[in-house]
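The structure under discussion appears below in the form of structure tokens.
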Amino acid sequence: MQFEMYNSGHVTKRGALIVLEGLDRCGKTTQCGRLVSFLEGNGLPVEAWRFPDRNTDTGRMISSYLTNNSELDDQTIHLLFSANRWEKRSLMENKLRNGTTLVVDRYSYSGVSFSAAKGLNVKWCKAPEKGLIAPDLVVFLDILPEEAARRGNYGFERYEQLEFQKNVAHYYRILNDATWKVIDASLPLELIENQIQKLALESIDSCQEKPLSSLWLDD
Ligand code: Z5A
Ligand code: MG
């Protein structure tokens with residue numbers, strides 16, 4: 001079958017691309033960590049990834065912008081976020097094809113929602129994301145912006161403001177597709193964790209029947 005790789009005579013099943021998305025402070029990083037530990041504990045090959053990846057050259061430029069240490073126009077920072085994903089695309093494909101499940105903290109949906117919330121055209125925002133690997137599962141941690149703002153304090157990064165987050169929430173809703181599972185992020189941590197574990201195991205199991213595909217090629 002198309003999705004199976006033959007290595008030294010034995011078949012390797014592909015890994016799943018699992019993305020966690022949602023407003024700031026909805027619990028993405030917390031839940032990514034818990035999910036990776038759970039999958040590792042079950043003997044599954046898994047890695048934790050995040051975007052932006054602040055360790056690359058583009059990532060350092062993004063980090064400087066987010067911490068208000070540099071200024072870039074909205075289009076430039078949008079394309080940098082996208083490039084930050086593109087520079088990891090081949091590695092991502094290799095890992096998935098070699099059987100590693102990737103649990104990714106933010107992806108193209110953050111890219112489009114945050115830039116569209118600043119007023120950029122949604123179609124324009126989606127364009128540079130086309131052709132990146134489409135997730136098998138997007139877990140959207142759904143929280144009211146007001147509740148998220150009460151969690152820990154917003155820090156000093158550029159987008160951590162209530163009115164802006166409300167706008168981001170509007171654009172996230174537009175991107176919801178068949179791969180999305182929406183979870184109430186105001187529930188206790190453990191309840192959310194259990195729901196994500198179940199969805200992740202289903203996704204790892206069912207992705208074996210699906211070849212890797214590309215994001216938003218038909219949009
Ligand atoms: N951005 C963009 O514009 N374009 C792009 O393409 C991409 C990103 C990829 C970087 O974010 C910024 O870049 C971000 C979007 C933009 N904008 N902002 N601001 P980041 O991912 O580096 O941000 P972060 O620092 O990791 O924070 P976060 O993602 O906003 O938070 P989180 O990961 O969702 O939440 P958390 O750290 O897991 O939890 C937050 C607090 O809530 C913490 O005290 C937890 O203990 C608590 N928590 C978590 N879950 C619960 C529950 N269930 N109940 C109660 N308390 C909870
Ligand atoms: Mg986080």
Side-chain angles (χ1 to χ4, degrees), residues 19-37 48-56 58-70 72-89 92 103-120 122 124-130 132 135 138-169 171-172 175 182-196 215-216:
V19 169
L20 270 74
E21 281 282 6
L23 294 182
D24 287 24
R25 303 295 180 267
C26 67
K28 297 177 296 298
T29 302
T30 306
Q31 293 295 343
C32 281
R34 287 175 175 231
L35 178 59
V36 168
S37 301
W49 282 37
R50 68 181 307 165
F51 290 109
D53 178 341
R54 301 193 191 211
N55 299 314
T56 70
T58 58
R60 279 183 279 278
M61 290 172 77
I62 291 168
S63 192
S64 167
Y65 170 85
L66 287 173
T67 52
N68 293 307
N69 286 309
S70 64
L72 295 168
D73 63 36
D74 294 343
Q75 288 85 350
T76 308
I77 185 65
H78 181 77
L79 295 172
L80 275 178
F81 271 115
S82 189
N84 187 245
R85 283 182 278 281
W86 274 101
E87 63 191 359
K88 289 296 166 91
R89 191 204 172 284
M92 182 178 264
V103 174
V104 184
D105 190 345
R106 294 191 187 275
Y107 198 52
S108 302
Y109 312 93
S110 287
V112 174
S113 302
F114 279 77
S115 292
K118 294 182 197 167
L120 296 186
V122 172
W124 186 91
C125 292
K126 279 180 148 182
E129 307 293 321
K130 290 182 182 200
L132 288 171
V138 179
V139 175
F140 182 75
L141 295 175
D142 195 17
I143 195 166
L144 286 173
E146 292 81 357
E147 183 172 349
R150 283 195 292 273
R151 273 192 190 166
N153 290 327
Y154 276 153
F156 298 102
E157 289 208 336
R158 191 177 283 266
Y159 299 142
E160 295 176 342
Q161 295 158 22
L162 181 57
E163 284 312 308
F164 184 72
Q165 293 289 321
K166 287 184 184 172
N167 222 357
V168 173
Y171 286 102
Y172 264 130
L175 299 175
V182 178
I183 292 185
D184 180 354
S186 66
L187 293 171
L189 281 174
E190 292 72 20
L191 289 185
I192 298 170
E193 183 181 8
N194 291 342
Q195 291 184 56
I196 297 177
L215 192 62
W216 294 334

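In listed order, ligands and their atoms are each counted from 1. Keep in mind that the numbers below use all heavy atoms, side chains included, and drop hydrogens, waters and symmetry copies. Being a predicted model, the structure only gives us computed values, none of them experimental.
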Original post:
So, is Asp24 polar-close to ligand 1, with some N/O to N/O distance under 3.5 Å?
Top reply: yes

Subject >> is_close_aromatic(Tyr159, Phe114), centroid dist under 6.0 Å >> reply: yes

Original post:
Do Phe51 and Asn84 have side chains that get closer than 4.5 Å, going by heavy atoms?
Top reply: yes

**OP:** Considering only non-hydrogen protein atoms, determine which one is nearest to atom 8 (C) of ligand 1 and report residue, atom name and distance to 0.1 Å.
**Re:** Phe81 CE2, 3.5 Å

Subject >> atom 44 (O) of ligand 1 protein-contacted, heavy-atom criterion under 4.0 angstrom >> reply: no

Original post:
Taking N or O atoms only and a 3.5 Å limit, does Phe51 qualify as a polar contact for ligand 1?
Top reply: no

Subject >> Structural part of Ser108 in contact with ligand 1, heavy atom criterion under 4.0 angstrom >> reply: neither

Original post:
Would you say the side chain of Lys28 lies within less than 4.5 Å of the side chain of Arg106, judging by non-hydrogen atoms?
Top reply: yes

**OP:** Can you pull out the closest protein heavy atom to atom 11 (O) of ligand 1? Residue, atom name and distance to 0.1 Å, please.
**Re:** Arg106 NE, 3.3 Å

Original post:
Between Ser115 and Asp74, does any side-chain donor sit less than 3.5 Å from a side-chain acceptor?
Top reply: no

Subject >> Any Leu187 heavy atom less than 4.0 Å from ligand 1 >> reply: yes

Original post:
Taking 4.0 angstrom as the limit, do Arg25 and Glu146 come out as a salt bridge?
Top reply: no

**OP:** Compute the ring centroids of Tyr172 and Tyr109, then answer whether they are less than 6.0 Å apart.
**Re:** no

Original post:
Which protein heavy atom lies closest to atom 32 (P) of ligand 1, and at what distance to 0.1 Å?
Top reply: Lys28 N, 3.5 Å

**OP:** Report the part of Arg54 (side chain from C-beta onward, or backbone N, CA, C, O) that has a heavy atom under 4.0 Å from ligand 1; answer both or neither where that applies.
**Re:** side chain

Original post:
Going by heavy atoms in the side chains, are Leu215 and Pro135 under 4.5 Å from each other?
Top reply: yes

**OP:** Answer yes or no: is there a side-chain heavy-atom contact under 4.5 Å between Gln31 and Leu35?
**Re:** no

Subject >> Distance from atom 37 (O) of ligand 1 to nearest protein heavy atom, with residue and atom >> reply: Thr29 CB, 4.1 Å

**OP:** Indicate if the distance from the Mg ion (ligand 2) to the nearest N, O or S atom of Thr29 falls below 2.8 Å.
**Re:** yes

**OP:** Determine whether any heavy atom of Pro52 lies closer than 4.0 Å to an atom of ligand 1.
**Re:** yes

Original post:
Can you list the ligand 1 atoms lying under 4.0 Å from a non-hydrogen atom of Gly111?
Top reply: 4 (N), 5 (C), 6 (O)

**OP:** May I ask you to identify the nearest protein heavy atom to atom 46 (O) of ligand 1, giving residue, atom name and distance to one decimal place in Å?
**Re:** Thr30 OG1, 4.4 Å

Original post:
Which atoms of ligand 1 sit under 4.0 Å from any heavy atom of Ala185?
Top reply: 53 (N)

**OP:** Considering only NZ, NE, NH1 and NH2 on the basic side and carboxylate oxygens on the acidic side, decide whether Lys166 and Glu163 come within less than 4.0 Å.
**Re:** yes

Subject >> Check: Arg25 N/O within less than 3.5 Å of ligand 1 N/O >> reply: yes

Original post:
Between Ser113 (side chain) and Ser110 (backbone), is there a donor-acceptor pair under 3.5 Å?
Top reply: no

Subject >> atom 35 (O) of ligand 1: the protein heavy-atom neighbour that sits closest, reported with distance to 0.1 Å >> reply: Gly27 N, 3.2 Å

Subject >> Validation row: His78, Pro128 side chains within 4.5 angstrom (heavy atoms) >> reply: yes

Original post:
Taking the side chain as C-beta and beyond, is there a heavy-atom pair between Thr76 and Met61 under 4.5 Å?
Top reply: no

**OP:** Answer with side chain, backbone, both or neither: which part of Ile192 has a heavy atom less than 4.0 angstrom from an atom of ligand 1?
**Re:** side chain

Original post:
Relative to ligand 1, is Arg50 under 4.0 angstrom through side chain, backbone, both or neither, heavy atoms considered?
Top reply: side chain

**OP:** Can you pull out the closest protein heavy atom to atom 54 (N) of ligand 1? Residue, atom name and distance to 0.1 Å, please.
**Re:** Arg151 NH2, 3.3 Å

Original post:
Does Arg85 come within less than 4.0 angstrom of ligand 1, counting non-hydrogen atoms of the residue?
Top reply: yes

Original post:
Hey, are the side chains of Trp124 and Gln75 touching, using non-hydrogen atoms and a 4.5 Å cut-off?
Top reply: yes

Original post:
For atom 3 (O) of ligand 1, which candidate among Tyr109, Phe114, Tyr65 holds the nearest heavy atom?
Top reply: Phe114

Original post:
Can you tell me if Glu21 uses its side chain to pair, donor with acceptor, with the backbone of Val138 under 3.5 Å?
Top reply: no

Original post:
What protein heavy atom sits nearest atom 12 (C) of ligand 1, and how far away is it?
Top reply: Leu66 CD1, 3.8 Å

